[in-house]
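Dumping the structure here so I can ask a few things about it.
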Amino acid sequence: MSYQPNDRGYYGQFGGAFIPEMLYPNVEELREQYLTIMADPEFQREFQSLLRDYVGRPTPLFYAKRLSEKYNTKVYLKREDLCHTGAHKINNTVGQILLARRLGKKRIIAETGAGQHGVATATVCALMGMECIVYMGKIDTERQRPNVERMRLLGAEVRPVTSGSQTLKDATNEAIRDWISNPVDTHYIIGSVVGPHPYPDLVARLQSVISEEMRKQLLEKTGSELPNYVVACVGGGSNAAGAFYHFLDEPSVQLVAVEAAGHGIDSGHSAATSVLGKPGIIHGSRTLLMQDEHGQITEPYSLSAGLDYPGVGPLHAHLAVSGRARFISIDDEAALYAVAELSRLEGIIPALETAHALAALAQLGAGPDDVVVVNLSGRGDKDLETYLKYAEKLNSYASNSASN
Ligand SMILES: *Cc1c(COP(=O)(O)O)cnc(C)c1O
């Protein structure tokens with residue numbers, strides 16, 4: 001079984017490039033060049049130096065003693081929350097902007113939902129002095145004001161999208177339209193392991209630095225490069241792809257992907273794609289997709305904006321169907337509990353997305369000698385407004401988890 005895409009971008013039955021004719025030259029240029037450019041030592045030198053001095057890599061692998069005691073296993077946290085801008089997303093945008101420059105592009109476009117990818121893109125555009133246009137559903141611009149202001153402060157132009165449901169998928173459509181009109185000078189930075197080939201592979205490779213570092217750090221701390229479990233949350237799947245990448249061909253390592261169950265898998269308000277999804281096409285690739293009996297995409301729900309996506313990347317669809325990864329769904333309540341727990345037990349306030357991965361610790365069945373790595377994809381600052389809204393609940397959870 002291979003977990004790398006074939007030359008047409010297929011992971012098993014998932015992936016490919018389902019794009020309008022007019023987008024073909026843009027995607028084809030990227031497909032022809034990305035591997036050559038990324039293999040160039042000069043590209044690698046610049047990428048590694050920015051990862052080190054700008055992003056702050058390697059991120060620590062932290063042994064979480066009190067959390068380990070609570071779950072009676074050895075829990076290590078991969079601290080992507082300490083990356084510049086507060087999450088793993090910057091690993092990808094730094095890599096893609098270097099790629100864009102080598103392709104001779106002058107202008108960057110991106111789509112964003114909650115605004116986190118927009119901020120990571122605006123950040124690297126400022127760093128490189130490149131024009132940046134971020135498409136964002138008008139409703140999202142109202143819901144995510146602080147991120148809109150961050151992007152503007154960084155010099156990006158945020159274009160509110162008023163078509164359709166005025167959310168992420170409409171912003172994506174608008175970005176694609178822009179790219180079709182500007183094929184020569186523009187690069188489209190996609191923020192997760194989704195989209196037409198080669199994006200899922202490109203983004204997975206750029207994020208794979210996470211598991212590359214994990215192996216070295218585990219060897220140092222535990223005497224073995226291989227843990228028993230690697231756990232990560234999945235929206236589109238980029239932080240999980242990065243955390244799994246260098247363990248995909250190590251069958252002794254159990255890969256655990258955690259999706260958002262929202263109000264509950266069967267509630268009609270969820271984003272548990274691996275359970276509810278069927279094969280379909282979204283954003284240019286064939287993958288598992290939440291859809292109704294007419295093939296219309298159903299609206300996903302999660303309290304966490306970053307997991308609120310109706311599909312998963314094609315690699316993850318393949319990992320789910322082949323059984324290589326175990327998929328667990330965590331609802332809003334359990335995620336909030338995990339926010340309070342990590343805050344009180346380890347002094348780390350996680351992002352709401354990340355809290356889903358942490359909540360899966362209770363379901364792993366890991367033993368006292370097992371090594372579990374949880375990818376701590378991001379920090380909780382951006383979710384403070386949500387945490388304030390649930391303050392009473394979080395505080396009662398917190399005193400609970402500390403006394404247990
Ligand atoms: C965006 C985001 C996610 C979800 O995106 P993936 O591509 O699935 O990683 C998860 N955690 C954090 C902190 C995020 O900002």
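Atoms within a ligand are numbered from 1 in the order they appear, just like the ligands themselves.
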**Message:** On a heavy-atom basis, I'd like to know which of Lys89, Gln116, Glu80, Glu353 is closest to atom 2 (C) of ligand 1.
**Reply:**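 Among Lys89, Gln116, Glu80, Glu353, the closest heavy atom to atom 2 (C) of ligand 1 belongs to Lys89.
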**Message:** Within the 4.0 Å heavy-atom shell around Gly235, which atoms of ligand 1 are there?
**Reply:**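 With Gly235 as reference, the close atoms of ligand 1 come out as 8 (O).
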**Prompt:** Can you tell me if Ser238 and His88 form a side-chain donor-acceptor pair at under 3.5 Å?
**Reply:**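 His88 and Ser238 do have a side-chain donor-acceptor pair below 3.5 Å.
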**Prompt:** So is Arg379 close enough to ligand 1, meaning a heavy atom under 4.0 angstrom away?
**Reply:**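 Checking ligand 1 against Arg379, which is what was asked, there is no heavy-atom contact under 4.0 Å.
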**Message:** As an exercise, identify every atom of ligand 1 less than 4.0 angstrom from a heavy atom of Gly378.
**Reply:**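 Those atoms are 13 (C).
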**Request:** Identify, for atom 11 (N) of ligand 1, the protein heavy atom at the shortest distance, and state residue, atom and that distance.
**Result:**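 Checked against all protein heavy atoms, atom 11 (N) of ligand 1 sits closest to Ser377 OG, 2.8 Å.
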**Asked** At a non-hydrogen distance cut-off of under 4.0 Å, which region of Val234 contacts ligand 1 (side chain, backbone, both, or neither)?
**Response**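 For Val234, the contact with ligand 1 is made by the backbone alone.
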**Nearest non-hydrogen protein atom, atom 4 (C) of ligand 1** =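 It is Gly306 O, 3.4 Å.
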**Prompt:** Side chain of Asn92, backbone of Lys89: donor and acceptor closer than 3.5 Å?
**Reply:**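 Not at all, since once roles are kept as given, no pair shorter than 3.5 Å links the two residues.
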**Item:** Aromatic centroids of His283 and Tyr309 separated by under 6.0 Å
**Value:**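 Close enough - the centres of the two rings lie under 6.0 Å apart.
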**Message:** For a side-chain contact (heavy atoms from CB on, under 4.5 Å) check, start with the C-alpha distance between Ile282 and Leu289, then their side-chain angles and the critical distance, and finish with the verdict.
**Reply:** CA-CA 7 Å; Ile282 182 170; Leu289 180 60; 3.7 Å; yes
**Asked** Closest approach of Arg326 and Gln254, non-hydrogen atoms and distance?
**Response**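 Smallest interatomic distance, heavy atoms only, reads NH1-OE1, 3.0 Å.
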**Item:** Within reach of ligand 1, part of His117 (heavy-atom separation under 4.0 Å)
**Value:**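 No part of His117 is near ligand 1 at this cut-off.
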**Request:** Locate the shortest heavy-atom distance separating Ile108 from Thr121; write the atom from each residue and the value.
**Result:**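 Answer, listing the atom of Ile108 first, then Thr121: CG2-CG2, 3.7 Å.
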**Asked** Only one of Lys105, Gln96, Glu29, Arg107 clears side chain to side chain donor-acceptor pair (under 3.5 Å) with His187; which?
**Response**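 Exactly one candidate clears the test, Gln96.
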**Message:** Tell me whether Gly237 has any N or O atom under 3.5 angstrom from an N or O of ligand 1.
**Reply:**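 Between Gly237 and ligand 1, an N or O pair is found under 3.5 Å apart.
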**Prompt:** Nearest to atom 6 (P) of ligand 1, what protein heavy atom do you find, and at what distance?
**Reply:**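 For this ligand atom, the closest protein heavy atom is Ser238 N, 3.3 Å.
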**Item:** Intermediate values then yes/no, side-chain contact (heavy atoms from CB on, under 4.5 Å), Glu333 and Lys393
**Value:** CA-CA 10 Å; Glu333 283 286 320; Lys393 183 178 277 185; 2.5 Å; yes
**Ser192-ligand 1 polar pair, N/O distance under 3.5 Å** =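 Yes.
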